[in-house]
Number of protein chains: 2
Amino acid sequence: MRRTKKERQQLLISTINDNPFITDEELAEKFQVSVQTIRLDRLELSIPELRERIKTVAEKRFDDEVRSLPIEEVIGEIIDIELDQSAISIFDVKEEHVFQRNKIARGHHVFAQANSLAVALINDELALTAKANIHFNRSVKLNERVIAKARVIKIDENALRTYVEVTSFVNNELVFTGNFEMYRSKNH
Amino acid sequence: MRRTKKERQQLLISTINDNPFITDEELAEKFQVSVQTIRLDRLELSIPELRERIKTVAEKRFDDEVRSLPIEEVIGEIIDIELDQSAISIFDVKEEHVFQRNKIARGHHVFAQANSLAVALINDELALTAKANIHFNRSVKLNERVIAKARVIKIDENALRTYVEVTSFVNNELVFTGNFEMYRSKNH
DNA sequence: CGAAATCTTATGACTAGGTACTAAGAGTAG
DNA sequence: CTACTCTTAGTACCTAGTCATAAGATTTCG
């Protein structure tokens, strides 16, 4: 035995882990044992065969793609609204909204909450965002609840524009401010 | 012939495209032709076999993970990137991204593409949006393809800020511009 | 030391999901 | 009717395995 069985199996785990695309034959070559030994090792360690490993990696990617695509219709739940005046929504930050690495919410979700609240506030069937000036005051983390408050600042009947200010808080701490210039299709 | 060859092959392409995990046998069943016909079709269309397809999907995921930002955290598909310099992504507007009434893309999706591109561009493990100034020039509609181009304008080493400009186009027509002030954790 | 236990290797039969090639029948257009 | 395309069938072969059995090699223990 060049290495003990235990040593080899430990190495096998980490080897496959950082390259799931390796075949039993390559592993046998690498560890200078027979292919059968590698197969027994995999059996003992419950490591699936190459093709299954690849499939798992591929499926994971596929799931991620499907999951990351749709941002729901309205981001956050509107709990109070007075058209053309003010509105409030809450948004709970979950796993799917944060960067895996540091559990900080991706900016576009916080923006999306504010933006969709601004859209909802406009009493018009066609409300679009024309411009926005936004500011992320502090980062929002996993499991925090963001409360966004939107307020109409000005309505410009001629230019068909409505100006909305949105401020978002976590525990009364300001995390985001945004000034939205919204387009509307009809005079009010 | 239940369908013409052309029709079948077109359907084959899209079927495999949205489920690369389907076998020839399942395809044969689906199109009510023999397995051999499916194989001839794949040969003509240069569509690789199931295992190769799965492998490609898996490898793509693997490659992406190695890069500075995992793919599932990006809205749109990054097709070109030079860290700290420029990047390009494409985003196809689908049903789930538009207002039901008028089939216009919700602003936050266009923003999300631009914002996540700006994040990806920063060569740092912690890149966050601090501020943004955005402008929606014209509305984006269902089935349009948005091409976002991001460019680093300035890097402020002291303030740990990187300024990124993103311009998004549909058929060479400007639909969105955004100026992002990005926070980074480390000096470059 | 020798038997028992563990570890390693070999062998054979079988599998999925194919490729590559040959052959033949069906349907259609000129 | 012939020529051609399209479809189906069948064979041999491939990879990267599984599963089961058997036997050799090595280590451990009494």
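First the proteins, then the strands, lettered A, B, ... as listed; each starts at 1. Only this structure's heavy atoms are used, side chains among them; waters, hydrogens and symmetry mates stay out.
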**OP:** Give me the residues of residues 44-53 of chain A where at least one heavy atom lies under 4.0 Å from an atom of DNA chain D, by number, or none.
**Re:** Glu49(A), Leu50(A), Arg51(A)
**OP:** Give the rounded distance in Å between these two atoms: CG of Leu43(A) and C1' of dC7(C).
**Re:** 14 Å
**OP:** Would you kindly give the CD-to-C1' distance between Glu26(A) and dA16(D), to the nearest whole Å?
**Re:** 11 Å
Original post:
How many Å lie between NZ on Lys55(B) and P on dG17(C), as a whole number?
Top reply: 17 Å
Original post:
Is any side-chain heavy atom of Arg53(A) closer than 4.5 Å to a side-chain heavy atom of Ile22(A)?
Top reply: yes
Subject >> Integer-rounded Å distance: dG27(C) P and Lys5(B) NZ >> reply: 17 Å
Subject >> Length of the line joining Asp24(A):CG and dC19(D):P, which is rounded to integer Å >> reply: 13 Å
Subject >> Residue Arg39(B), side-chain atoms from C-beta onward, closest of dT9(C), dT19(C), dT8(D) >> reply: dT19(C)
Subject >> OP1 or OP2 of dT9(C) under 4.0 Å from side-chain N/O of Thr37(A) >> reply: yes
Subject >> Minimum-distance nucleotide to Ser34(A) side chain [options: dT8(D), dT9(C), dA20(C)] >> reply: dT9(C)
Subject >> Lys NZ or Arg CZ of Lys55(A) over Phe21(B) ring: under 6.0 Å, within 45° >> reply: no
Original post:
What is the distance from atom CZ of Arg39(A) to atom CG of Asp41(A), rounded to the nearest 0.5 Å?
Top reply: 12.0 Å
Original post:
Is it true that atom CG of Asp18(B) has more than 12 heavy atoms of other residues, nucleotides or ligands lying nearer than 6.0 Å?
Top reply: yes
Subject >> Gap between atoms CZ and C1', on Arg42(B) and dT7(D) respectively (whole Å) >> reply: 16 Å
Subject >> Closest to the Leu40(A) side chain, choosing from dA16(D), dT7(D), dT9(C) >> reply: dT9(C)
Original post:
To the nearest angstrom, how far is Gln32(A) atom CD from dT9(C) atom C1'?
Top reply: 14 Å
Subject >> Interatomic distance, Asp41(B) CG vs dT19(C) C1' [rounded to whole Å] >> reply: 16 Å
Subject >> Nucleotide nearest Gln36(A) when distance is taken to its side chain, options dA20(C), dT9(C), dG17(D) >> reply: dT9(C)
Subject >> Within 6.0 angstrom of Arg145(A) CZ, more than 12 heavy atoms from elsewhere >> reply: no
Original post:
Distance from Thr162(B) atom OG1 to Ile155(B) atom CD1, nearest 0.5 Å?
Top reply: 5.0 Å
Subject >> Lys131(A) vs Phe136(B), side chain to side chain contact (heavy atoms under 4.5 Å, CB included): CA-CA, chis, key distance, verdict >> reply: CA-CA 6 Å; Lys131(A) 294 183 193 169; Phe136(B) 296 88; over 6 Å; no
